[in-house]
Amino acid sequence: MTSVISRLVAGCRPDGASVVEASGPLAPVSVGALPGVEFYRIWGRDDAPSTGDGGTEASFAPYFPGAGGTRFVVLRWPPETGRGPQGDPDALRAEAEQVFPGLLQALAPDEKGHHATATVDMSVVLEGELWLRLEDGSETRLTPGSCVVLRGNRHSWSNRGAEPAVMASVFIGANDTLGRPGPG
């Protein structure tokens with residue numbers, strides 16, 4: 001299993017020569033409202049990026065980008081245990097909102113994990129297996145190498161396997177034609 005998630009951010013010097021601006025392992029970020037899920041915030045911009053610049057810090061506030069923004073995240077899901085979040089619901093929600101603004105707002109309160117946002121999501125399963133469930137009830141088992149493109153579709157993920165699953169995703173803020181939640 002992938003034990004370390006690392007990131008390299010390249011940029012350009014004033015003369016145009018490419019350089020490494022940031023490099024190294026990333027620590028996972030977790031919140032009590034999503035027990036066991038590890039988020040690795042690789043990169044994020046709130047506006048259309050420019051080549052060669054933009055700094056080394058990733059923007060993840062809000063968690064989902066607005067139109068023209070991007071997010072690149074690696075997620076590690078534990079196997080499902082049937083055990084939900086533990087603790088005061090208001091405190092769990094406040095922690096999640098502070099760490100990942102807007103993430104929980106996208107989740108439907110009556111459906112476990114179902115969500116839809118005004119983004120185009122491109123994902124690839126790297127390890128383990130994940131199940132993708134769509135609004136029509138269809139479920140698809142995804143294994144390493146499976147690629148998924150979601151275009152504002154209501155969906156949920158689950159790890160029904162015995163091992164953690166790892167997926168890399170890029171979210172691109174889109175023009176909303178479906179009435180999906182936007183950022184923040």
Side-chain angles (χ1 to χ4, degrees), residues 28-46 58-87 89-142 146-161 164-184:
V29 179
S30 298
V31 293
L34 300 167
V37 179
E38 295 179 344
F39 294 76
Y40 294 85
R41 297 182 281 197
I42 308 297
W43 188 248
R45 301 297 305 165
D46 292 323
S59 173
F60 275 86
Y63 182 76
F64 294 105
T70 57
R71 303 290 187 263
F72 178 17
V73 64
V74 174
L75 295 138
R76 181 176 282 133
W77 276 278
E80 287 185 4
T81 63
R83 185 173 169 214
Q86 303 295 307
D90 291 335
L92 293 171
R93 181 170 286 284
E95 176 201 25
E97 184 60 25
Q98 179 182 6
V99 176
F100 300 119
L103 175 63
L104 293 185
Q105 292 170 355
L107 301 179
D110 59 341
E111 302 173 63
K112 184 182 177 190
H114 277 85
H115 60 284
T117 56
T119 59
V120 173
D121 306 350
M122 297 176 285
S123 304
V124 60
V125 176
L126 303 173
E127 296 178 6
E129 78 175 32
L130 287 170
W131 286 82
L132 170 66
R133 182 178 178 149
L134 297 177
E135 200 168 19
D136 67 357
S138 64
E139 296 182 317
T140 304
R141 179 177 173 256
L142 304 168
S146 296
C147 298
V148 177
V149 177
L150 296 168
R151 301 173 296 164
N153 309 95
R154 186 169 307 287
H155 65 284
S156 65
W157 302 101
S158 62
N159 178 356
R160 300 176 191 167
V166 178
M167 183 169 70
S169 296
V170 173
F171 310 136
I172 301 170
N175 294 320
D176 182 25
T177 59
L178 300 172
R180 301 303 191 198

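Values in this document were obtained by computation on a predicted structure and should not be read as measured data. As a basis for the values below, the full set of heavy atoms in this structure was taken, side chains included, without hydrogen atoms, waters or symmetry mates.
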Quiz item: Does CD belonging to Q86 count more than 12 external heavy atoms closer than 6.0 Å?
Solution: yes
Quiz item: Taking only residues two or more places apart in sequence or in another chain, which ones pass salt bridge (charged side-chain N to carboxylate O under 4.0 Å, His left out) with R160?
Solution: E139
Quiz prompt | Taking every non-hydrogen atom, the tightest pair across S30 and V37 | solution = OG-O, 3.0 Å
Quiz item: Which distance, rounded to the nearest 0.5 Å, do you find between the CD of E95 and the CG of L104?
Solution: 9.5 Å
Practice problem: Check whether any side-chain heavy atom of R45 sits under 4.5 Å from a side-chain heavy atom of S59, and report yes or no. | Solution: no
Quiz item: Quick one: does S146's side chain have a donor or acceptor within less than 3.5 Å of a partner on V125's backbone?
Solution: no
Quiz prompt | A61 versus P101, closest heavy-atom pair with distance | solution = CB-CG, 4.0 Å
Quiz item: Yes or no on side chain to side chain contact (heavy atoms under 4.5 Å, CB included) for V74 and V166, after CA distance, side-chain angles and deciding distance?
Solution: CA-CA 7 Å; V74 174; V166 178; 3.7 Å; yes
Quiz prompt | Any side-chain heavy-atom pair of V148 and W157 under 4.5 Å | solution = yes
Quiz item: Would you say P78 and P164 make side-chain contact, with heavy atoms under 4.5 Å?
Solution: no
Quiz item: Between atom OH of Y40 and atom CG of L75, what is the distance when rounded to the nearest 0.5 Å?
Solution: 10.0 Å
Quiz item: Within a strict 4.5 Å, meaning less than it, do heavy atoms of the D121 and V170 side chains meet?
Solution: no
Quiz item: Side chains of T119 and P65: does their closest heavy-atom pair fall under 4.5 Å?
Solution: yes
Self-check item: Point-to-point distance, once rounded to the nearest 0.5 Å, from CH2 of W77 to CG of L34
Solution: 10.0 Å
Quiz item: What closest approach, in Å, do A33 and A96 show between heavy atoms, and which atom pair accounts for it?
Solution: CB-CB, 4.3 Å
Practice problem: Starting at CG of N159, measure out to CD of E129 and round the result to the nearest 0.5 Å. | Solution: 7.0 Å
Quiz item: Can you name the closest pair of heavy atoms from A116 and G152 and give their distance?
Solution: CB-O, 3.7 Å
Quiz item: Are R71 and D46 close enough for a salt bridge, meaning some N to O gap below 4.0 Å?
Solution: yes
Quiz item: Does S169 have any side-chain contact (heavy atoms from CB on, under 4.5 Å) partners at least two apart in sequence or in another chain, and if so, which?
Solution: V73, S123, M167, F171
Self-check item: Gap between atom OG of S138 and atom CG of L132 - 0.5 Å precision
Solution: 7.0 Å
Quiz item: In terms of heavy-atom contacts, does CG of D136 have more than 12 from other residues, nucleotides or ligands at under 6.0 Å?
Solution: yes
Self-check item: Which atom of I42 lies closest to which atom of A58, heavy atoms considered
Solution: O-CB, 4.0 Å
Quiz item: So, do T140 and W131 sit near enough that their side-chain heavy atoms are less than 4.5 Å apart?
Solution: no
Self-check item: Ring centre gap for H114 and H155 strictly below 6.0 Å
Solution: no
Quiz item: Can you name the residues that form a ring-ring contact (aromatic ring centres under 6.0 Å, His included) with F100, not counting sequence neighbours?
Solution: F39, Y63
Practice problem: Check whether any side-chain heavy atom of T117 lies under 4.5 Å from a side-chain heavy atom of D176, and answer yes or no. | Solution: no
Quiz item: Does a side-chain heavy-atom distance below 4.5 Å link M122 with I172?
Solution: yes
